[in-house]
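Here's the structure, in structure tokens; my notes come after.
Keep in mind that what you see is a predicted model, and the values were worked out from it rather than measured. To find a chain, count down the sequence lines: A is the first, B the second, and so on, and within it residues start at 1.
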Amino acid sequence: MSTQDSRQESLPQSARTTGSATVTVFASPTSWIESDALAQCHQVAALDGMIHVAAMPDLHPGKGAPIGAAMASSVLYPFLVGSDIGCGIAVFPIKLKHAVPEKLAARFPDLDQALDPVRDADDPAWAVVDDEIPAGHLEGLGTVGRGNHFVELARIDSILDPAHATRLGLTAGGLVLIVHSGSRGLGEQILRAHTEVHGAGSAPDPAAYLALHDDAVRWGSLNRRLMAARVAYALGAEPTEPLVDQCHNLVEVRDGVYLHRKGAAPGDGRDVLIAGTRGTRSYLVAGHAGPDANHSVAHGAGRKMSRADALRRGRAKHTVEELRRTPVGSLVVCGDRQLLFEEAPTAYKRIEQVIADLVDHDLATPIVSTVPLVTYKTPTLGPNSPRDRRDQRRNRGRS
DNA sequence: ATGTAC
């Protein structure tokens with residue numbers, strides 16, 4: 001199977017009796033995979049009840065558990081999903097007459113500001129809420145969050161599978177909104193409630209955890225639709241239904257076991273957008289991953305550097321201006337300089353290699369690529385904004 | 001990735 005396979009048959013006889021699960025890495029030998037991330041896969045493999053760990057080519061170290069892995073177990077471990085339960089990527093078609101990045105970047109709404117049922121009662125974006133708000137959770141509703149989350153206006157670039165692209169109504173030059181976000185404070189609350197009592201232990205009442213988890217998954221999806229509607233209206237377009245909306249942090253019950261996905265998208269007959277970086281292409285693919293891959297595909301380019309390294313090396317290598325205007329001509333709306341360095345394209349692996357690894361292992365077939373026009377991270381409040389002044393204080397004497 | 005504390 002994989003050239004970085006470390007299945008039990010390759011281990012000495014004595015190691016086979018430990019009850020450790022199998023670990024398969026779906027990456028070429030030349031693809032960059034950190035040894036810390038592999039070590040985390042093997043730590044996970046040693047957990048009680050673990051059956052199989054499938055590591056995707058975007059694998060990188062996470063907090064306690066690897067990111068970019070699908071982990072099947074007879075026991076449910078909330079920490080393997082992490083705090084951003086329901087995080088995922090949705091793609092919405094959008095029609096605009098003129099797509100000039102400079103003009104559109106200035107029109108994005110403030111996605112740090114939650115939709116308030118009273119103050120924003122007249123906001124037309126509420127129309128996408130067609131049911132109860134999951135868990136009745138209003139805090140942070142309609143906000144993108146931080147880290148690697150973003151809302152991007154992108155153009156369909158290459159058509160790689162014409163028949164499939166046509167079925168989805170995608171043509172070269174068409175525009176889409178790509179929304180990567182999750183359940184914000186809600187998922188964090190759910191994991192914390194478990195962790196305070198059980199730490200990294202399993203869920204003693206899986207059904208109880210799953211009920212809360214499912215709320216967070218629904219909330220994340222609603223949040224992505226709300227943001228797409230907020231942005232569509234702000235850009236002078238109508239909101240649309242998502243073409244794809246796949247969640248890469250969740251646990252599902254499948255074949256009688258708990259399949260935990262952490263930075264791994266469902267890849268079993270579904271279409272999924274695999275995000276590049278703020279300054280490179282993304283790829284919509286048709287997933288056809290089988291049991292060896294725990295029915296999963298990669299979720300993005302995957303970090304190549306820790307946030308700390310990206311910040312340190314980025315300050316020496318890039319100016320803020322070149323990170324806000326990328327090599328593909330897109331604009332990055334980000335009023336937080338530190339985040340801009342942490343999320344620099346050079347801090348990530350090459351998305352084309354990740355896609356090639358998926359193709360080579362027969363996990364996915366690319367449908368189209370997209371190229372960013374405007375990527376929104378967090379509001380730019382102008383040169384004298386409180387945020388930028390804070391950044392200047394933080395950076396003084398260091399850069 | 002998160003809200004909160006420093």
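Between the P atom of dA1(B) and the CD1 atom of Ile89(A) lies a distance of 11 Å, rounded to the nearest Å. In this structure, His137(A) places its NE2 atom 11 Å from C1' of dT2(B), rounding to the nearest Å. Computed from coordinates, the His60(A) NE2 to dA1(B) P distance equals 7 Å when rounded to whole Å. Atom pair Ile67(A):CD1 and dA1(B):P shows a separation of 6 Å (rounding to whole Å applied). The interatomic distance linking Leu186(A) (CG) with dT2(B) (C1') rounds to 12 Å, in whole Å. Remark: P of dA1(B) and CG of Asn223(A) are 15 Å apart, rounded to the nearest angstrom. Whole-Å rounding puts the His149(A) NE2 to dA1(B) P distance at 6 Å. Taking atom CG of Leu339(A) as the reference point, atom P of dA1(B) lies 10 Å away to the nearest angstrom.
For the residue pair Glu188(A)/Ser83(A), the side-chain donor-acceptor check at 3.5 Å is not satisfied. Between the side chains of Thr370(A) and Arg155(A), no donor-acceptor pair of N or O atoms lies under 3.5 Å. For the residue pair Thr143(A)/Asp112(A), the side-chain donor-acceptor check at 3.5 Å is not satisfied. Looking only at atom types and distance, the side chain of Asp292(A) has no donor-acceptor partner in the side chain of His361(A) under 3.5 Å away. No side-chain donor from either of His260(A) and Asn294(A) sits under 3.5 Å from a side-chain acceptor of the other. Under 3.5 Å, the side chains of Ser181(A) and Arg224(A) contain no donor-acceptor pair of N or O atoms.
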Distances for protein N or O near nucleotides 4-6 of chain B N or O, under 3.5 Å:
none

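When the side-chain nitrogen and oxygen atoms of Arg192(A) are compared with OP1 and OP2 of dT2(B), none of them lie within a distance under 4.0 Å.
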